[in-house]
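First the structure, in the form of structure tokens, and then the observations on it.
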Amino acid sequence: MDLPRSFTIRESSHRIHNPLTSRKLAILGEALNPSPGTRLLDLACGSGELLCTWARDHGITGTGVDISTAFLAKARARAIELEVAEQVTFTHGDASNHVADDPVDIGSCVGATWIGGGVAGTVDLLRRSLRPGGVMLIGEPYWRKDPPDQATVEGCHAASADDFRALPELLEQFGELGCDVVEMVLADQDSWDRYVAAQWLNTRRWLDAHPDDELAGQMRAELTAGPVRHVRYQREYLGWGVFALMNR
């Protein structure tokens with residue numbers, strides 16, 4: 001049970017596996033201002049940057065769950081680097097059925113709502129771990145502009161325009177699910193650039209080091225098409241944000 005190797009190649013240098021910069025992640029922490037000892041469960045935690053930096057900056061404790069052994073190794077190393085290894089733990093597993101043994105103060109799934117089959121299922125999953133009055137964090141794409149054709153939809157890594165909603169409709173969906181939106185931090189085009197362009201450099205460096213690997217052809221094709229695809233489609237049409245929710 002692990003992520004495809006192509007994914008870990010693309011994001012081998014990433015600390016945050018979505019278009020949220022380190023500064024925006026810190027802004028979110030500052031906005032929520034969790035008290036020392038706050039317990040956080042991070043589903044699909046990736047390389048653990050949310051848990052590790054908030055443990056350092058706010059004194060939280062918590063657990064991260066992810067399917068990627070490579071990213072979890074980075075998360076554990078990051079915890080040691082930031083001297084928070086006694087505050088956070090990381091578990092290899094399928095986050096789609098993970099429920100905390102004891103209720104947590106914050107439950108997060110930042111950029112992987114596929115684990116719940118979409119936003120509604122992920123909200124339901126996080127609720128199962130959340131204490132009364134706790135906060136959920138959902139990271140999710142939305143349409144910045146209506147995609148004009150199927151090529152634009154696919155250029156944004158979607159199968160259908162219905163895969164994402166416009167930002168007002170996404171916030172309305174949270175309300176329909178019985179949640180109040182109490183905070184949000186949105187990516188901007190520069191955030192997208194920092195996330196996606198780093199994938200190109202990671203890919204090129206990997207290709208230079210592994211020209212005969214069985215994935216070399218696939219990764220070369222991605223690198224050839226990726227920059228134009230990003231600026232033509234994803235950068236222009238797709239937004240992304242982290243939304244803090246509380247049950248009504």
Side-chain angles (χ1 to χ4, degrees), residues 3-4 6-28 31 44 46-47 49-50 108-120 122-123 137-176 181 183-207 218-245:
L3 281 177
S6 58
F7 192 95
T8 57
I9 290 168
R10 288 184 212 103
E11 304 204 3
S12 57
S13 72
H14 288 58
R15 286 180 173 167
I16 301 172
H17 300 280
N18 51 61
L20 198 69
T21 63
S22 297
R23 181 57 192 146
K24 286 182 179 289
L25 182 62
I27 287 171
L28 180 61
S47 296
E49 192 71 358
L50 187 158
S108 63
C109 177
V110 178
T113 56
W114 52 265
I115 68 169
V119 169
T122 302
V123 167
L137 302 177
I138 297 284
E140 181 70 3
Y142 59 88
W143 291 119
R144 293 181 63 241
K145 299 188 288 187
D146 290 336
D149 49 37
Q150 185 63 18
T152 302
V153 170
E154 294 176 6
C156 294
H157 304 283
S160 164
D162 294 334
D163 287 354
F164 309 128
R165 304 184 182 210
L167 183 57
E169 284 71 39
L170 178 58
L171 298 189
E172 287 176 350
Q173 182 185 18
F174 292 138
E176 292 164 1
V181 179
E183 184 56 81
M184 69 179 187
V185 174
L186 304 182
D188 54 23
Q189 289 181 311
D190 183 65
S191 307
W192 271 118
D193 294 345
R194 300 281 51 77
Y195 172 55
V196 177
Q199 296 177 6
W200 309 334
L201 183 57
N202 290 338
T203 300
R204 176 53 195 264
R205 286 173 171 169
W206 182 87
L207 284 167
Q218 172 189 331
M219 303 309 292
R220 162 45 62 190
E222 288 186 9
L223 180 58
T224 299
V228 172
R229 176 175 176 161
H230 169 63
V231 299
R232 178 171 288 156
Y233 299 123
Q234 185 169 271
R235 191 178 195 273
E236 293 300 314
Y237 288 92
L238 197 62
W240 194 90
V242 183
F243 305 90
L245 315 173

### Message
Return the CZ to CD distance between R165 and E140, rounded to the nearest 0.5 Å.
### Response
9.5 Å

## Note on the structure
On a heavy-atom basis, the closest approach of E183 and A31 is OE1-CB, 3.4 Å

### Query
Rounded to the nearest 0.5 Å, what separation is found between the NE2 atom of H230 and the CD atom of Q189?
8.0 Å

#### Entry: Any donor-acceptor N/O pair, S160 side chain to D162 backbone, under 3.5 Å
yes

### Query
In Å, rounded to the nearest 0.5 Å, how long is the span from CH2 of W206 to OG of S6?
9.5 Å

### Query
Just wondering, do L20 and W240 contact through their side chains at under 4.5 Å, heavy atoms?
yes

### Message
Students often mix this up, so state it plainly: with edges at 30° and 60°, are the rings of W192 and Y195 parallel, tilted or perpendicular?
### Response
tilted

### Message
Which residues pass the ring-ring contact (aromatic ring centres under 6.0 Å, His included) test with W143, not counting sequence neighbours?
### Response
F164

#### Entry: Non-hydrogen atoms of G241 and L186 that approach each other most closely
CA-CD2, 3.8 Å

### Query
Within a radius of less than 6.0 Å around CG of D146, do more than 12 heavy atoms belonging to other residues, nucleotides or ligands occur?
no

### Task
In sequence, state the C-alpha distance, the side-chain angles, and the governing distance for K24 and V242, and then conclude on side chain to side chain contact (heavy atoms under 4.5 Å, CB included).
CA-CA 10 Å; K24 286 182 179 289; V242 183; over 6 Å; no

### Query
Hey, what do you get for CZ (R15) to OG (S22), rounding to the nearest 0.5 Å?
7.0 Å

### Gap separating the CG atom of L167 from the CD atom of E172, nearest 0.5 angstrom
10.0 Å

### Query
Which pair of heavy atoms, one from P19 and one from A187, lies closest together, and at what distance?
O-CB, 3.1 Å

### Query
How close do C156 and Y237 get, heavy atom to heavy atom, and via which atoms?
SG-CB, 4.1 Å

### Query
Can you check whether T152 reaches E236 side chain to side chain, under 4.5 Å on heavy atoms?
no

### Message
Does the plane of the ring in F243 sit parallel, tilted or perpendicular to the ring in Y142? Use 30° and 60° as the thresholds.
### Response
perpendicular

### Task
Measure the shortest side-chain to side-chain distance between R229 and R235 over non-hydrogen atoms and say whether it is less than 4.5 angstrom.
no

### Query
With distance as the sole criterion, is a donor-acceptor pair present between the side chains of S191 and D188 under 3.5 Å?
yes

#### Entry: Side-chain touch I16/T21, heavy atoms, less than 4.5 angstrom
no

### Flag side-chain contact, heavy atom, 4.5 Å: L25 against V110
no

### Message
Less than 4.5 Å apart, side chain to side chain, heavy atoms only: is that true for V119 and F174?
### Response
yes

#### Entry: Closest heavy-atom pair and its distance - Q173, A120
NE2-N, 4.3 Å

### Task
Identify the heavy atoms of P141 and L238 that sit nearest to each other, and give their distance.
CB-CD1, 4.0 Å

#### Entry: Whether Q150 side chain and A159 backbone form a donor-acceptor pair below 3.5 Å
yes

## Note on the structure
Distance col, row L28:CG vs R23:CZ, nearest 0.5 angstrom, shows 11.0 Å

### Task
Using a strict 4.0 Å threshold on nitrogen-to-oxygen distance, state whether R10 and E222 make a salt bridge.
yes

